[in-house]
Number of protein chains: 2
Amino acid sequence: MTGKMDQPELSELFARHGLRCTRQRKAVYHALARTCDHPTAGQLHRQLTDRGQSMSLATVYNTLEALCKSGLAQRLSGNGPLTPDSTGNTSGSGSRYDATLGDHVHIRCACTGKLHDVPHGLGQKFLDAIPKRVLEEIEHDLGVKVDHLQIELVAKPAQ
Amino acid sequence: MTGKMDQPELSELFARHGLRCTRQRKAVYHALARTCDHPTAGQLHRQLTDRGQSMSLATVYNTLEALCKSGLAQRLSGNGPLTPDSTGNTSGSGSRYDATLGDHVHIRCACTGKLHDVPHGLGQKFLDAIPKRVLEEIEHDLGVKVDHLQIELVAKPAQ
DNA sequence: TTTGATGCAAAGACTTTGCATGCTT
DNA sequence: AAGCATGCAAAGTCTTTGCATCAAA
(Lines give C-alpha, C1' and ligand atoms only; values in the text may rest on other atoms or scores of the structure.)
Protein backbone atom coordinates (compact mmCIF):
# COMPACT_ATOMS: atom_id res chain seq x y z
CA MET A 1 0.00 0.00 0.00
CA THR A 2 1.11 3.53 -0.59
CA GLY A 3 -0.03 4.74 2.81
CA LYS A 4 3.26 4.41 4.66
CA MET A 5 5.69 6.62 2.82
CA ASP A 6 8.57 8.15 4.67
CA GLN A 7 11.10 10.70 3.56
CA PRO A 8 13.91 8.71 1.93
CA GLU A 9 11.47 6.58 -0.06
CA LEU A 10 9.69 9.69 -1.22
CA SER A 11 12.81 11.38 -2.45
CA GLU A 12 13.73 8.26 -4.40
CA LEU A 13 10.25 8.02 -5.80
CA PHE A 14 10.39 11.58 -7.03
CA ALA A 15 13.84 11.09 -8.48
CA ARG A 16 12.70 8.02 -10.35
CA HIS A 17 9.95 10.12 -11.89
CA GLY A 18 12.20 13.01 -12.76
CA LEU A 19 10.86 15.35 -10.12
CA ARG A 20 12.82 17.49 -7.73
CA CYS A 21 12.13 16.74 -4.15
CA THR A 22 10.90 19.77 -2.26
CA ARG A 23 9.21 20.23 1.05
CA GLN A 24 5.99 21.28 -0.65
CA ARG A 25 5.89 18.37 -3.05
CA LYS A 26 6.51 15.90 -0.28
CA ALA A 27 3.70 17.45 1.72
CA VAL A 28 1.24 17.41 -1.17
CA TYR A 29 2.06 13.89 -2.25
CA HIS A 30 1.99 12.60 1.27
CA ALA A 31 -1.38 14.17 1.98
CA LEU A 32 -2.76 12.81 -1.25
CA ALA A 33 -1.41 9.31 -0.84
CA ARG A 34 -2.61 9.03 2.71
CA THR A 35 -6.33 9.58 2.13
CA CYS A 36 -8.74 7.41 0.22
CA ASP A 37 -11.10 10.27 -0.31
CA HIS A 38 -10.11 12.46 -3.20
CA PRO A 39 -9.51 16.05 -2.30
CA THR A 40 -9.60 19.08 -4.56
CA ALA A 41 -6.61 21.36 -4.83
CA GLY A 42 -8.30 23.81 -2.49
CA GLN A 43 -9.06 21.15 0.10
CA LEU A 44 -5.48 19.94 0.03
CA HIS A 45 -4.23 23.47 0.48
CA ARG A 46 -6.49 24.10 3.46
CA GLN A 47 -5.55 20.77 4.98
CA LEU A 48 -1.84 21.51 4.66
CA THR A 49 -1.91 25.08 5.86
CA ASP A 50 -4.09 24.07 8.80
CA ARG A 51 -1.33 21.71 9.83
CA GLY A 52 1.14 24.57 9.83
CA GLN A 53 2.62 23.81 6.41
CA SER A 54 3.16 27.10 4.63
CA MET A 55 2.56 26.99 0.92
CA SER A 56 0.67 28.87 -1.73
CA LEU A 57 -2.39 27.60 -3.51
CA ALA A 58 -0.70 28.11 -6.85
CA THR A 59 2.05 25.76 -5.77
CA VAL A 60 -0.51 23.12 -4.87
CA TYR A 61 -1.92 23.38 -8.37
CA ASN A 62 1.52 23.34 -9.96
CA THR A 63 2.59 20.41 -7.85
CA LEU A 64 -0.51 18.42 -8.65
CA GLU A 65 0.04 19.03 -12.32
CA ALA A 66 3.65 17.91 -12.00
CA LEU A 67 2.58 14.77 -10.17
CA CYS A 68 -0.01 13.99 -12.84
CA LYS A 69 2.38 14.57 -15.71
CA SER A 70 4.99 12.32 -14.16
CA GLY A 71 2.49 9.56 -13.49
CA LEU A 72 2.41 9.79 -9.71
CA ALA A 73 -1.17 10.93 -9.54
CA GLN A 74 -4.22 11.35 -11.69
CA ARG A 75 -6.86 13.92 -12.11
CA LEU A 76 -10.36 12.64 -11.62
CA SER A 77 -13.65 13.84 -12.91
CA GLY A 78 -14.52 16.89 -10.95
CA ASN A 79 -18.04 18.03 -10.64
CA GLY A 80 -20.03 17.06 -7.69
CA PRO A 81 -23.32 18.79 -6.98
CA LEU A 82 -23.70 22.43 -7.84
CA THR A 83 -25.02 23.70 -4.56
CA PRO A 84 -23.04 24.27 -1.38
CA ASP A 85 -23.83 21.73 1.31
CA SER A 86 -25.53 22.51 4.62
CA THR A 87 -22.26 23.68 6.15
CA GLY A 88 -21.82 26.20 3.38
CA ASN A 89 -18.97 24.29 1.80
CA THR A 90 -18.99 24.03 -1.93
CA SER A 91 -17.44 20.63 -1.48
CA GLY A 92 -18.23 19.21 -4.85
CA SER A 93 -16.72 21.68 -7.24
CA GLY A 94 -13.26 21.55 -8.62
CA SER A 95 -11.08 18.75 -9.88
CA ARG A 96 -10.25 15.94 -7.56
CA TYR A 97 -6.92 14.17 -7.42
CA ASP A 98 -5.86 10.64 -6.67
CA ALA A 99 -2.45 9.17 -5.90
CA THR A 100 -3.52 5.57 -6.35
CA LEU A 101 -2.10 4.04 -9.47
CA GLY A 102 -3.93 1.59 -11.63
CA ASP A 103 -7.61 1.09 -12.27
CA HIS A 104 -9.87 1.19 -9.30
CA VAL A 105 -13.48 1.89 -8.59
CA HIS A 106 -14.83 5.06 -7.05
CA ILE A 107 -18.05 5.68 -5.29
CA ARG A 108 -19.59 9.11 -5.29
CA CYS A 109 -22.26 10.28 -2.94
CA ALA A 110 -25.13 11.62 -5.04
CA CYS A 111 -26.00 14.06 -2.28
CA THR A 112 -22.67 15.54 -1.24
CA GLY A 113 -20.54 14.85 -4.29
CA LYS A 114 -17.85 13.31 -2.13
CA LEU A 115 -15.71 10.73 -3.80
CA HIS A 116 -14.15 7.66 -2.18
CA ASP A 117 -12.38 4.51 -3.17
CA VAL A 118 -14.35 1.34 -3.15
CA PRO A 119 -12.35 -0.98 -0.87
CA HIS A 120 -9.75 -2.79 -2.87
CA GLY A 121 -11.16 -6.32 -2.71
CA LEU A 122 -14.61 -5.28 -3.78
CA GLY A 123 -13.35 -3.00 -6.50
CA GLN A 124 -11.15 -5.74 -7.84
CA LYS A 125 -14.08 -8.12 -8.10
CA PHE A 126 -15.83 -5.50 -10.14
CA LEU A 127 -12.88 -4.95 -12.44
CA ASP A 128 -12.21 -8.64 -12.83
CA ALA A 129 -15.73 -9.13 -14.07
CA ILE A 130 -15.10 -6.98 -17.12
CA PRO A 131 -14.28 -9.28 -20.02
CA LYS A 132 -11.17 -8.25 -21.91
CA ARG A 133 -12.88 -9.44 -25.02
CA VAL A 134 -15.40 -6.61 -24.90
CA LEU A 135 -12.67 -4.04 -24.36
CA GLU A 136 -10.74 -5.39 -27.32
CA GLU A 137 -13.85 -5.24 -29.43
CA ILE A 138 -14.35 -1.61 -28.52
CA GLU A 139 -10.72 -0.82 -29.26
CA HIS A 140 -10.94 -2.53 -32.60
CA ASP A 141 -14.23 -0.98 -33.68
CA LEU A 142 -13.34 2.54 -32.63
CA GLY A 143 -9.69 2.42 -33.60
CA VAL A 144 -8.35 3.36 -30.19
CA LYS A 145 -6.15 1.98 -27.45
CA VAL A 146 -7.82 2.07 -24.06
CA ASP A 147 -5.39 3.41 -21.52
CA HIS A 148 -7.41 3.02 -18.36
CA LEU A 149 -10.91 2.85 -16.98
CA GLN A 150 -12.60 5.34 -14.80
CA ILE A 151 -15.53 3.79 -13.02
CA GLU A 152 -17.76 5.61 -10.65
CA LEU A 153 -20.73 4.29 -8.76
CA VAL A 154 -23.10 7.11 -7.96
CA ALA A 155 -24.92 6.16 -4.80
CA LYS A 156 -27.12 7.37 -2.01
CA PRO A 157 -27.10 6.22 1.59
CA ALA A 158 -29.34 3.15 1.83
CA GLN A 159 -32.89 4.07 2.83
CA MET B 1 -33.79 6.85 -29.76
CA THR B 2 -34.06 10.40 -28.53
CA GLY B 3 -32.54 11.86 -31.66
CA LYS B 4 -35.73 12.66 -33.58
CA MET B 5 -37.64 15.01 -31.32
CA ASP B 6 -40.02 17.48 -32.86
CA GLN B 7 -41.94 20.30 -31.28
CA PRO B 8 -45.21 18.74 -30.04
CA GLU B 9 -43.36 15.81 -28.48
CA LEU B 10 -40.95 18.16 -26.79
CA SER B 11 -43.65 20.27 -25.24
CA GLU B 12 -45.31 17.13 -23.88
CA LEU B 13 -42.01 15.85 -22.58
CA PHE B 14 -41.35 19.08 -20.74
CA ALA B 15 -44.87 19.15 -19.34
CA ARG B 16 -44.52 15.60 -18.08
CA HIS B 17 -41.40 16.69 -16.24
CA GLY B 18 -42.96 19.81 -14.80
CA LEU B 19 -41.03 22.21 -17.00
CA ARG B 20 -42.39 25.15 -18.91
CA CYS B 21 -41.80 24.93 -22.60
CA THR B 22 -39.87 27.90 -23.92
CA ARG B 23 -38.02 28.54 -27.11
CA GLN B 24 -34.70 28.48 -25.29
CA ARG B 25 -35.34 25.25 -23.49
CA LYS B 26 -36.42 23.52 -26.65
CA ALA B 27 -33.29 24.73 -28.36
CA VAL B 28 -30.98 23.59 -25.58
CA TYR B 29 -32.61 20.23 -25.15
CA HIS B 30 -32.75 19.63 -28.86
CA ALA B 31 -29.11 20.47 -29.31
CA LEU B 32 -28.12 18.25 -26.42
CA ALA B 33 -30.25 15.30 -27.47
CA ARG B 34 -29.05 15.44 -31.02
CA THR B 35 -25.34 14.95 -30.43
CA CYS B 36 -23.54 11.97 -28.99
CA ASP B 37 -20.61 14.06 -27.98
CA HIS B 38 -21.14 15.85 -24.74
CA PRO B 39 -20.85 19.59 -24.93
CA THR B 40 -20.13 22.02 -22.14
CA ALA B 41 -22.52 24.84 -21.41
CA GLY B 42 -20.27 27.23 -23.26
CA GLN B 43 -20.06 25.01 -26.32
CA LEU B 44 -23.82 24.67 -26.43
CA HIS B 45 -24.20 28.40 -26.17
CA ARG B 46 -21.78 29.03 -29.00
CA GLN B 47 -23.42 26.36 -31.12
CA LEU B 48 -26.87 27.86 -30.60
CA THR B 49 -25.95 31.47 -31.10
CA ASP B 50 -23.96 30.54 -34.21
CA ARG B 51 -27.18 29.12 -35.62
CA GLY B 52 -28.89 32.43 -35.05
CA GLN B 53 -30.62 31.42 -31.83
CA SER B 54 -30.43 34.35 -29.47
CA MET B 55 -29.98 33.41 -25.85
CA SER B 56 -27.79 34.27 -22.94
CA LEU B 57 -25.16 32.00 -21.47
CA ALA B 58 -26.79 32.29 -18.07
CA THR B 59 -29.97 30.88 -19.52
CA VAL B 60 -28.08 27.94 -20.95
CA TYR B 61 -26.72 27.21 -17.49
CA ASN B 62 -30.10 27.68 -15.85
CA THR B 63 -31.79 25.52 -18.44
CA LEU B 64 -29.26 22.75 -18.08
CA GLU B 65 -29.74 22.78 -14.36
CA ALA B 66 -33.51 22.62 -14.81
CA LEU B 67 -33.13 19.69 -17.19
CA CYS B 68 -30.88 17.87 -14.77
CA LYS B 69 -33.12 18.45 -11.81
CA SER B 70 -36.13 17.20 -13.68
CA GLY B 71 -34.32 14.12 -14.90
CA LEU B 72 -34.09 15.01 -18.59
CA ALA B 73 -30.33 15.29 -18.62
CA GLN B 74 -27.33 14.57 -16.49
CA ARG B 75 -24.18 16.34 -15.65
CA LEU B 76 -21.04 14.40 -16.43
CA SER B 77 -17.61 14.55 -15.02
CA GLY B 78 -15.97 17.62 -16.38
CA ASN B 79 -12.26 17.91 -16.54
CA GLY B 80 -10.49 17.11 -19.67
CA PRO B 81 -6.90 18.18 -20.13
CA LEU B 82 -5.72 21.40 -18.62
CA THR B 83 -4.11 22.98 -21.62
CA PRO B 84 -5.86 24.56 -24.58
CA ASP B 85 -5.57 22.51 -27.75
CA SER B 86 -3.73 23.57 -30.89
CA THR B 87 -6.65 25.67 -32.07
CA GLY B 88 -6.57 27.64 -28.86
CA ASN B 89 -9.77 26.10 -27.57
CA THR B 90 -9.84 25.11 -23.97
CA SER B 91 -12.08 22.27 -25.02
CA GLY B 92 -11.71 20.12 -22.00
CA SER B 93 -12.66 22.36 -19.15
CA GLY B 94 -16.09 22.77 -17.75
CA SER B 95 -18.90 20.36 -17.00
CA ARG B 96 -20.31 18.32 -19.80
CA TYR B 97 -23.94 17.44 -20.20
CA ASP B 98 -25.77 14.45 -21.57
CA ALA B 99 -29.40 13.98 -22.53
CA THR B 100 -29.19 10.22 -22.79
CA LEU B 101 -31.03 8.49 -20.02
CA GLY B 102 -29.83 5.33 -18.37
CA ASP B 103 -26.38 3.89 -17.92
CA HIS B 104 -24.09 4.01 -20.86
CA VAL B 105 -20.40 3.96 -21.52
CA HIS B 106 -18.31 6.95 -22.46
CA ILE B 107 -14.99 7.13 -24.14
CA ARG B 108 -12.71 10.05 -23.53
CA CYS B 109 -9.77 10.96 -25.67
CA ALA B 110 -6.73 11.18 -23.43
CA CYS B 111 -5.25 13.84 -25.71
CA THR B 112 -8.12 16.22 -26.37
CA GLY B 113 -10.41 15.47 -23.45
CA LYS B 114 -13.34 15.04 -25.79
CA LEU B 115 -16.08 12.77 -24.59
CA HIS B 116 -18.24 10.51 -26.73
CA ASP B 117 -20.74 7.75 -26.30
CA VAL B 118 -19.55 4.26 -26.99
CA PRO B 119 -22.00 2.95 -29.60
CA HIS B 120 -24.99 1.44 -27.91
CA GLY B 121 -24.44 -2.21 -28.75
CA LEU B 122 -20.85 -2.23 -27.59
CA GLY B 123 -21.60 -0.27 -24.47
CA GLN B 124 -24.42 -2.62 -23.62
CA LYS B 125 -22.13 -5.62 -23.89
CA PHE B 126 -19.86 -3.93 -21.43
CA LEU B 127 -22.64 -3.14 -19.00
CA ASP B 128 -24.19 -6.58 -19.29
CA ALA B 129 -20.91 -8.12 -18.25
CA ILE B 130 -21.08 -6.50 -14.83
CA PRO B 131 -22.48 -9.05 -12.41
CA LYS B 132 -25.32 -7.69 -10.28
CA ARG B 133 -23.99 -9.82 -7.48
CA VAL B 134 -20.88 -7.68 -7.13
CA LEU B 135 -22.92 -4.48 -7.11
CA GLU B 136 -25.18 -5.87 -4.42
CA GLU B 137 -22.16 -6.84 -2.38
CA ILE B 138 -20.81 -3.33 -2.60
CA GLU B 139 -24.17 -1.86 -1.66
CA HIS B 140 -24.42 -4.18 1.30
CA ASP B 141 -20.90 -3.67 2.57
CA LEU B 142 -20.91 0.10 2.24
CA GLY B 143 -24.51 0.66 3.23
CA VAL B 144 -25.50 2.51 0.09
CA LYS B 145 -27.91 2.24 -2.81
CA VAL B 146 -26.20 2.56 -6.16
CA ASP B 147 -28.19 4.89 -8.35
CA HIS B 148 -26.25 4.62 -11.56
CA LEU B 149 -22.86 3.90 -13.04
CA GLN B 150 -20.58 6.29 -14.76
CA ILE B 151 -18.06 4.47 -16.86
CA GLU B 152 -15.41 6.12 -18.88
CA LEU B 153 -12.79 4.53 -21.07
CA VAL B 154 -9.81 6.81 -21.37
CA ALA B 155 -8.19 6.07 -24.69
CA LYS B 156 -5.71 7.22 -27.26
CA PRO B 157 -5.89 6.81 -31.01
CA ALA B 158 -4.43 3.40 -31.87
CA GLN B 159 -0.74 3.63 -32.73
C1' DT C 1 26.25 27.13 -10.35
C1' DT C 2 22.48 25.78 -12.96
C1' DT C 3 18.01 24.69 -13.33
C1' DG C 4 13.76 24.20 -11.88
C1' DA C 5 10.27 25.27 -7.91
C1' DT C 6 7.95 28.63 -5.12
C1' DG C 7 5.11 32.63 -3.86
C1' DC C 8 2.50 36.34 -4.99
C1' DA C 9 -0.65 38.71 -7.47
C1' DA C 10 -3.04 39.37 -11.52
C1' DA C 11 -5.56 37.52 -15.28
C1' DG C 12 -8.63 34.25 -17.18
C1' DA C 13 -12.20 30.73 -17.39
C1' DC C 14 -16.28 28.74 -15.54
C1' DT C 15 -20.54 29.16 -12.93
C1' DT C 16 -24.03 31.26 -10.09
C1' DT C 17 -27.12 34.97 -8.58
C1' DG C 18 -30.29 39.29 -8.19
C1' DC C 19 -33.49 41.85 -10.26
C1' DA C 20 -36.32 43.92 -13.80
C1' DT C 21 -38.78 42.42 -17.83
C1' DG C 22 -41.28 39.20 -20.74
C1' DC C 23 -43.63 35.01 -21.88
C1' DT C 24 -46.09 30.50 -20.80
C1' DT C 25 -49.88 28.61 -18.73
C1' DA D 1 -53.41 37.57 -14.39
C1' DA D 2 -49.94 34.82 -11.88
C1' DG D 3 -45.81 32.82 -11.79
C1' DC D 4 -41.91 31.08 -13.75
C1' DA D 5 -38.11 31.91 -17.34
C1' DT D 6 -35.04 35.12 -19.47
C1' DG D 7 -31.34 38.47 -20.00
C1' DC D 8 -27.95 41.19 -18.26
C1' DA D 9 -24.40 42.27 -15.43
C1' DA D 10 -22.06 41.59 -11.36
C1' DA D 11 -20.05 38.59 -8.04
C1' DG D 12 -17.89 34.25 -6.79
C1' DT D 13 -15.10 30.13 -7.60
C1' DC D 14 -11.68 27.59 -9.64
C1' DT D 15 -7.40 27.52 -12.29
C1' DT D 16 -3.49 29.25 -14.77
C1' DT D 17 0.37 32.37 -15.65
C1' DG D 18 4.42 35.86 -15.30
C1' DC D 19 8.09 37.14 -12.85
C1' DA D 20 11.24 37.78 -9.14
C1' DT D 21 13.25 35.00 -5.55
C1' DC D 22 14.85 30.76 -3.53
C1' DA D 23 16.35 25.92 -3.13
C1' DA D 24 17.69 21.25 -5.01
C1' DA D 25 20.94 18.84 -7.61
Listed nucleotide nearest any side-chain atom of [X], set [options]:
X	options	value
A:T63	C:dT16, D:dA5, C:dT6	C:dT6
B:N62	C:dT17, D:dG7, C:dT25	C:dT17
B:T22	C:dG7, D:dG7, C:dT24	C:dT24
B:R20	C:dC23, D:dA9, D:dT6	C:dC23
B:R75	C:dG7, C:dT16, D:dT16	C:dT16
B:Q24	D:dT6, D:dT15, C:dT6	D:dT6

Exercise for review: First locate atom NE2 of A:H104, then atom NE2 of A:H120, and finally report the distance between them rounded to the nearest 0.5 Å.
Suggested key: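 That separation rounds to 10.5 Å.
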Review point. If you measure from OH on A:Y97 to CG on A:L64, what distance do you get to the nearest 0.5 Å?
Key: 5.0 Å
[N] OP1/OP2 closer than 4.0 Å to side-chain N/O of [X]:
X	N	result
B:S95	C:dT15	yes
A:S56	C:dT6	no
B:T40	C:dC14	no

Exercise for review: Using the salt bridge (charged side-chain N to carboxylate O under 4.0 Å, His left out) rule, take A:R133 and A:E137 through it: C-alpha gap first, then chi angles, then the decisive distance, then the call.
Suggested key: CA-CA 6 Å; A:R133 203 171 16 79; A:E137 196 176 343; 5.2 Å; no
Check your understanding: In terms of the nearest nucleotide of DNA chain D, which residue is placed more toward the 5' end: A:A41 or B:G18?
Key ->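 Its nucleotide being nearer the 5' end, the pick is B:G18.
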Practice item. Answer yes or no: is there a side-chain heavy-atom contact under 4.5 Å between A:V134 and B:D128? Key: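 When only atoms from C-beta onward are counted, B:D128 and A:V134 do not touch, as no gap falls below 4.5 Å.
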Would you mind reading off the distance between [X] atom [atom1] and [N] atom [atom2], rounded to a whole angstrom?
X	N	atom1	atom2	result
B:Y61	D:dC14	OH	P	14 Å
A:K26	C:dT6	NZ	P	12 Å
A:R46	D:dC14	CZ	C1'	12 Å
A:R25	C:dG7	CZ	C1'	14 Å
A:Q53	C:dT6	CD	C1'	13 Å
A:H45	D:dT13	NE2	P	16 Å
B:K69	C:dT16	NZ	P	11 Å
A:R23	D:dA23	CZ	P	10 Å

Exercise for review: Indicate if B:I151 and B:V118 have the same hydrophobic cluster label, given that clusters are the connected sets of ILVMFWY residues with side-chain heavy-atom separations under 4.5 angstrom.
Suggested key: yes
Review point. Start at the 5' end of DNA chain C and walk down; is the nucleotide closest to B:G42 or to A:M55 reached first?
Key: A:M55
